[in-house]
2 protein chains.
Amino acid sequence: MNTREKIILASLDLFNERGERNITTNHIASHLGISPGNLYYHFRNKTDIIYEIFLQYQLLVDHYLQAPEGRPLTVEDQFDYLESVFDGLWSYRFFHRDLEHYLESDERLKADYRKFTQRCIGSVVNIIRGMELSGILRPVSDHLRRSLALNVWLVVTNWMSFLKTAAGEESALIRKDTLKHGIYQVICLEAPYLQPAFYDQVTGLQQNYSPSVLNDLGL
Amino acid sequence: MNTREKIILASLDLFNERGERNITTNHIASHLGISPGNLYYHFRNKTDIIYEIFLQYQLLVDHYLQAPEGRPLTVEDQFDYLESVFDGLWSYRFFHRDLEHYLESDERLKADYRKFTQRCIGSVVNIIRGMELSGILRPVSDHLRRSLALNVWLVVTNWMSFLKTAAGEESALIRKDTLKHGIYQVICLEAPYLQPAFYDQVTGLQQNYSPSVLNDLGL
DNA sequence: ATATTTTTAGAGTATATACTCTAGGTGTCA
DNA sequence: TGACACCTAGAGTATATACTCTAAAAATAT
């Protein structure tokens with residue numbers, strides 16, 4: 001692996017583990033055992049490192065949200081989508097934490113991220129429509145489908161932050177599988193629109209993500 | 001108004017307008033025309049200022065979410081709740097932006113905020129139950145009511161961040177009334193559970209918050 | 001082998017930032 | 001009037017942080 005890639009990986013790691021705000025370029029360099037000068041040879045500044053990480057994140061999520069080729073959507077497809085997206089959120093979890101700040105200090109990122117959000121919500125809309133077509137969900141209006149997709153996006157992208165801020169001592173360490181309890185909340189959003197024939201199957205699978213966490217929290 | 005109160009107000013103002021990360025204690029002092037020494041006479045550090053602001057925020061929201069005295073909940077009550085809460089979110093909008101960071105650097109705040117979240121979600125649960133009792137919503141299981149309340153909380157507290165990150169040039173300036181389009185999304189969450197007798201009234205009022213923004217965004 | 005380009009080290013710097021310290025002013029109450 | 005607590009000014013400091021600059025090593029091409 002070349003130095004540039006190493007910098008990206010180490011930065012992502014450190015940002016995820018200790019928070020971007022607490023990690024300086026000097027930290028990154030010394031963590032890799034390279035000089036600051038070397039780091040700045042490969043990246044003009046810290047903002048550029050973050051932008052590069054975003055590009056990878058974007059690639060990953062876009063890939064995850066692709067529609068299956070010429071076949072109707074299944075219930076399993078939906079859970080696969082959710083599993084993948086939460087995996088992605090986990091791997092790049094520092095990103096949504098101070099997103100607003102990054103967008104403020106990088107116009108490129110701001111424009112790109114906006115388009116990314118649109119694509120993602122568009123994909124969710126398509127997935128919902130796909131499930132209507134395969135008879136999993138009852139048909140809904142374009143308007144409602146859009147609102148539903150948007151709410152899904154809000155729950156998905158902010159679930160991590162909720163866990164981190166609302167979780168107490170005992171579950172202070174959030175792991176990838178804790179994060180996936182968010183899937184339970186997403187299924188709650190779509191449950192009212194499930195066709196009777198699929199209701200039991202979906203809510204059955206939903207139980208795999210039952211948020212015992214919330215009980216711990218007394219919620 | 002005494003100096004201590006002035007510092008709190010000025011800090012809140014500057015944090016909201018320019019982002020807490022961009023505002024130093026020296027900025028706050030010079031904005032008020034007082035010396036840094038003076039500021040540090042009243043507050044041990046910046047963290048303490050943020051904590052004090054949180055206490056005010058908490059007081060406000062707790063007040064907003066009180067149950068009405070010995071009468072059933074009305075549809076208007078619900079919209080009042082939502083209007084108030086979004087007002088509160090607007091006035092203290094800097095707070096949810098880097099919340100995780102504040103909780104990391106202040107154990108008091110972390111504990112208090114956790115309890116605050118629990119109280120808030122508890123209030124939402126009560127409001128939902130209230131609406132079931134007054135026949136606005138169909139009765140739901142405790143489990144579902146909780147999940148619903150949690151999703152409401154997620155949408156409400158993260159709507160601002162969504163607008164800021166997904167909104168483009170044209171609507172880059174988010175105002176209080178733009179923020180309230182979030183109410184539309186919240187009503188979408190409860191719509192499936194509305195009793196037929198109230199469906200038209202609620203969805204009618206919902207239209208007042210119709211997110212033309214989203215059309216601008218091409219969503 | 002030589003020339004040239006790419007990569008790296010590491011000391012160094014300008015600036016910012018949270019916070020301190022001392023001295024002095026101001027109001028209050030006996 | 002004097003004692004005393006409260007409040008304020010403002011220069012100053014230790015530290016951090018993003019980033020620069022020069023020179024040299026390593027890789028690559030001719």
Side-chain angles (χ1 to χ4, degrees), chain A residues 1-54 94-95 97-110, chain B residues 1-54 94-95 97-110:
Chain A
M1 198 188 327
N2 64 29
T3 306
R4 186 183 159 84
E5 281 165 359
K6 276 188 207 158
I7 292 171
I8 294 173
L9 277 184
S11 302
L12 177 57
D13 240 44
L14 292 170
F15 292 167
N16 278 340
E17 292 298 325
R18 291 162 52 194
E20 176 273 339
R21 209 173 160 167
N22 304 315
I23 295 296
T24 73
T25 48
N26 292 350
H27 285 133
I28 299 165
S30 91
H31 181 80
L32 283 171
I34 67 173
S35 63
N38 194 352
L39 186 149
Y40 277 91
Y41 169 78
H42 291 282
F43 291 93
R44 213 160 39 85
N45 52 40
K46 198 180 172 186
T47 303
D48 274 10
I49 299 178
I50 293 170
Y51 182 68
E52 206 61 36
I53 294 177
F54 163 71
F94 90 92
F95 186 68
R97 181 169 155 173
D98 207 3
L99 183 54
E100 286 183 49
H101 183 255
Y102 307 144
L103 302 196
E104 255 179 19
S105 40
D106 187 345
E107 282 302 319
R108 257 180 329 172
L109 183 58
K110 184 172 186 162
Chain B
M1 198 189 325
N2 64 29
T3 305
R4 186 184 158 85
E5 281 165 0
K6 276 189 207 156
I7 292 171
I8 294 173
L9 278 183
S11 301
L12 178 56
D13 240 44
L14 291 170
F15 291 167
N16 278 339
E17 291 299 325
R18 292 162 51 194
E20 177 272 340
R21 208 172 160 167
N22 304 315
I23 295 295
T24 73
T25 48
N26 292 350
H27 283 135
I28 299 166
S30 90
H31 181 80
L32 283 171
I34 67 173
S35 63
N38 194 353
L39 186 149
Y40 277 91
Y41 170 77
H42 291 283
F43 291 93
R44 212 161 40 86
N45 52 41
K46 198 179 172 187
T47 303
D48 274 10
I49 300 178
I50 293 171
Y51 183 66
E52 206 62 36
I53 294 177
F54 163 71
F94 90 91
F95 186 67
R97 184 170 151 171
D98 207 3
L99 183 54
E100 285 183 48
H101 183 254
Y102 307 145
L103 301 197
E104 254 178 20
S105 40
D106 186 346
E107 282 300 320
R108 257 180 331 175
L109 183 58
K110 184 170 187 166

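Scope of the values below: all heavy atoms of this structure, side chains included, with no hydrogens, waters or symmetry mates. Proteins get letters first, then strands, A, B, ... in listed order; numbering begins at 1 in each. Keep in mind it's a predicted model, so treat the numbers as computed, not measured.
Side-chain proximity of A:Ser35 to C:dA9, D:dA9, D:dC19: nearest is C:dA9. Comparing D:dT8, D:dA18, C:dT7 by their closest approach to the side chain of A:Tyr41 singles out C:dT7. Of the candidates D:dT8, C:dT17, D:dG10, D:dG10 carries the atom nearest the B:Pro36 side chain, counting heavy atoms from C-beta on. Closest approach to the A:Asn45 side chain among D:dT17, D:dC19, D:dT8 is made by D:dC19 (side chain taken as heavy atoms from C-beta onward). Picking from D:dA18, D:dT17, C:dT8 the nucleotide with the shortest atom distance to the side chain of A:Lys46 gives D:dA18. Among C:dT7, D:dC19, C:dC19, the nucleotide with an atom closest to any side-chain atom of A:Tyr40 is D:dC19.
Taking the charged nitrogens against the carboxylate oxygens, B:Arg108 and B:Asp48 do have a contact shorter than 4.0 Å, which makes a salt bridge.
OP1 and OP2 of C:dA16 both lie 4.0 Å or more from every side-chain N or O belonging to B:Thr24. In terms of phosphate contacts, A:His27 brings no side-chain nitrogen or oxygen within less than 4.0 Å of OP1 or OP2 of D:dA18. A:Asn38 has a side-chain polar atom (N or O) that falls below the 4.0 Å cut-off from OP1 or OP2 of C:dA9.
Counting non-hydrogen atoms under 4.0 angstrom, B:Ile34 reaches the backbone sugars and phosphates but no base.
Shortest non-hydrogen contact noted between B:Lys110 and B:Leu103 is CB-O, 3.7 Å. Counting all heavy atoms, side chain and backbone alike, B:Ile50 lies closest to B:Phe15 at CG1-CE1, 3.9 Å. Heavy atoms only, all atoms of each residue included: A:Ile49 and A:Ser11 are closest at CG2-OG, 3.5 Å.
Taking atom CD1 on B:Ile7 and atom P on D:dC7, their separation rounds to 11 Å, with Å as the unit. Between the P atom of D:dG12 and the CG atom of B:Asn26 lies a distance of 15 Å, rounded to the nearest Å. What separates CG of A:Leu32 from P of C:dT7 is a distance of 16 Å, to the nearest Å. Following rounding to the nearest Å, B:Phe43 (CZ) and C:dT20 (P) show an atom-to-atom distance of 15 Å. What separates CG of A:Asn2 from C1' of D:dA27 is a distance of 14 Å, to the nearest Å.
Of the possible donor and acceptor atoms, none in the side chain of B:His31 sits under 3.5 Å from a partner among the backbone N and O of B:Ile28.
Two residues, A:Arg44 and A:Asn22, neighbour DNA chain D, and the one matched to the more 5' nucleotide by heavy-atom proximity is A:Asn22. Checking A:Thr25 against A:Gly37, the closest nucleotide of DNA chain D that is more toward the 5' end is the one next to A:Thr25.
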